[in-house]
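A quick write-up on the structure given underneath.
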Amino acid sequence: MTNEPNQIGLGEVAHAKLKRLHEDGYFAQMMDAYRFAIALALAHGATPREITGSRQNVFGVATIDPDQCLYTAIKTLINTGDISVYRWAERLADWGVMEMSRRADEGTLDIGQLLEESERLCVE
């Protein structure tokens with residue numbers, strides 16, 4: 001793991017939405033929502049763009065990925081090229097948080113349903 005950051009986060013807008021997902025009770029901890037957002041983006045095959053604008057560090061890499069499962073999953077599923085794996089994690093998390101927030105705003109965010117949807121996407 002060369003040239004990997006020690007801290008990872010989200011864009012400013014997604015960070016506010018991450019907080020709201022936690023405060024609204026969808027996730028017990030923001031860290032859980034962040035990890036789930038990455039998994040959701042991976043399951044959907046999202047190829048998110050670089051985070052533009054203000055970026056906020058939220059978690060230490062050692063805290064969010066102590067066993068390097070996220071690192072391994074991203075490295076296995078995505079050709080990250082010259083971009084560090086954890087910078088890709090940020091992009092994926094940003095995409096996933098925005099998607100969950102969009103669904104919450106529509107009144108259709110159901111974590112169980114998202115898990116089933118993601119499972120179907122991974123099998124196809």
Side-chain angles (χ1 to χ4, degrees):
M1 289 190 347
T2 59
N3 297 326
E4 292 292 339
N6 294 322
Q7 298 281 319
I8 57 176
L10 296 161
E12 188 174 7
V13 172
H15 184 244
K17 292 178 183 292
L18 177 71
K19 284 182 179 178
R20 198 184 99 233
L21 288 168
H22 167 64
E23 291 166 358
D24 289 350
Y26 289 107
F27 294 91
Q29 296 181 8
M30 285 181 21
M31 189 170 10
D32 296 334
Y34 192 91
R35 288 182 184 130
F36 190 86
I38 292 170
L40 181 65
L42 287 171
H44 278 261
T47 310
R49 295 185 181 119
E50 183 176 351
I51 296 172
T52 58
S54 181
R55 197 183 125 284
Q56 302 208 343
N57 286 330
V58 184
F59 304 106
V61 168
T63 302
I64 197 76
D65 195 22
D67 55 6
Q68 298 180 346
C69 284
L70 290 174
Y71 180 92
T72 302
I74 294 165
K75 188 76 173 165
T76 301
L77 296 171
I78 297 174
N79 177 2
T80 60
D82 293 339
I83 301 166
S84 80
V85 172
Y86 288 118
R87 289 292 174 233
W88 261 102
E90 290 178 324
R91 292 178 182 192
L92 294 165
D94 203 84
W95 185 95
V97 166
M98 297 301 282
E99 176 63 16
M100 288 189 292
S101 179
R102 182 188 64 77
R103 291 181 188 213
D105 290 345
E106 293 173 351
T108 60
L109 180 58
D110 178 326
I111 302 302
Q113 181 183 11
L114 275 178
L115 287 170
E116 289 175 12
E117 176 184 309
S118 295
E119 182 179 17
R120 280 193 309 275
L121 288 169
C122 289
V123 171
E124 293 176 351

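Under the side-chain hydrogen bond (donor to acceptor under 3.5 Å, both in side chains) criterion, E106 pairs with R102, not counting sequence neighbours. Shown here are the side-chain hydrogen bond (donor to acceptor under 3.5 Å, both in side chains) partners of R87, two or more places apart in sequence or in another chain: E90. Checked against side-chain hydrogen bond (donor to acceptor under 3.5 Å, both in side chains), D110 has no partners two or more places apart in sequence or in another chain.
Note on residues 90-114: pairs passing ring pair (Phe, Tyr, Trp, His ring centres under 6.0 Å), not counting sequence neighbours, are H44-W95. Note on residues 64-82: no pairs pass salt bridge (Lys or Arg N to Asp or Glu O under 4.0 Å), not counting sequence neighbours.
Across all their heavy atoms, N57 and R55 have their closest contact at OD1-NH2, 2.7 Å. Taking each heavy atom of M100 and A33 in turn, the nearest pair found is CE-O, 3.7 Å. Considering all non-hydrogen atoms of both residues, P5 and S84 come closest at CD-OG, 3.5 Å.
Atom CG of N79 is separated from atom OG1 of T47 by 11.0 Å, given to the nearest 0.5 angstrom. In this structure, CG on N6 lies 10.5 Å from OH on Y86, to the nearest 0.5 angstrom. For the atom pair CG (L42) and CG (L77), the distance works out to 5.5 Å, reported to the nearest 0.5 Å. Expressed to the nearest 0.5 Å, how far CG of L92 lies from CZ of R35 amounts to 15.0 Å. Rounded to the nearest 0.5 Å, atoms CD1 (I74) and OG1 (T80) are 9.0 Å apart. Distance check, rounded to the nearest 0.5 Å: CZ of R91 to CZ of R49 gives 10.5 Å.
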Could you tabulate the donor-acceptor pairs under 3.5 Å formed by side-chain atoms of residues 7-21, not counting sequence neighbours?
from	atom 1	to	atom 2	distance (Å)
H15	ND1	Q56	OE1	2.9
R20	NE	D24	OD2	3.1
R20	NH1	D105	OD1	3.3
R20	NH2	D105	OD1	2.8

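By the criterion of side-chain heavy atoms lying less than 4.5 angstrom apart, applied directly or through intervening Ile, Leu, Val, Met, Phe, Trp or Tyr residues, M98 is not grouped with I111; the two fall into different hydrophobic clusters. Linking ILVMFWY residues whenever their side-chain heavy atoms come closer than 4.5 Å, directly or via other members, places I38 and F27 in the same cluster. Note: the hydrophobic cluster containing W88 also contains F59 (ILVMFWY, side chain heavy atoms under 4.5 Å, direct or indirect links).
Under a 3.5 Å cut-off, the side chain of S101 and the backbone N or O of V97 do not form any donor-acceptor pair.
V61 has its side chain out of reach of E4: every pair of non-hydrogen atoms, C-beta onward, lies at least 4.5 Å apart. The shortest distance between side-chain heavy atoms of Y26 and R103 does not fall below 4.5 Å.
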Check step by step if side chain to side chain contact (heavy atoms under 4.5 Å, CB included) holds for L70 and V85.
-> CA-CA 9 Å; L70 290 174; V85 172; over 6 Å; no

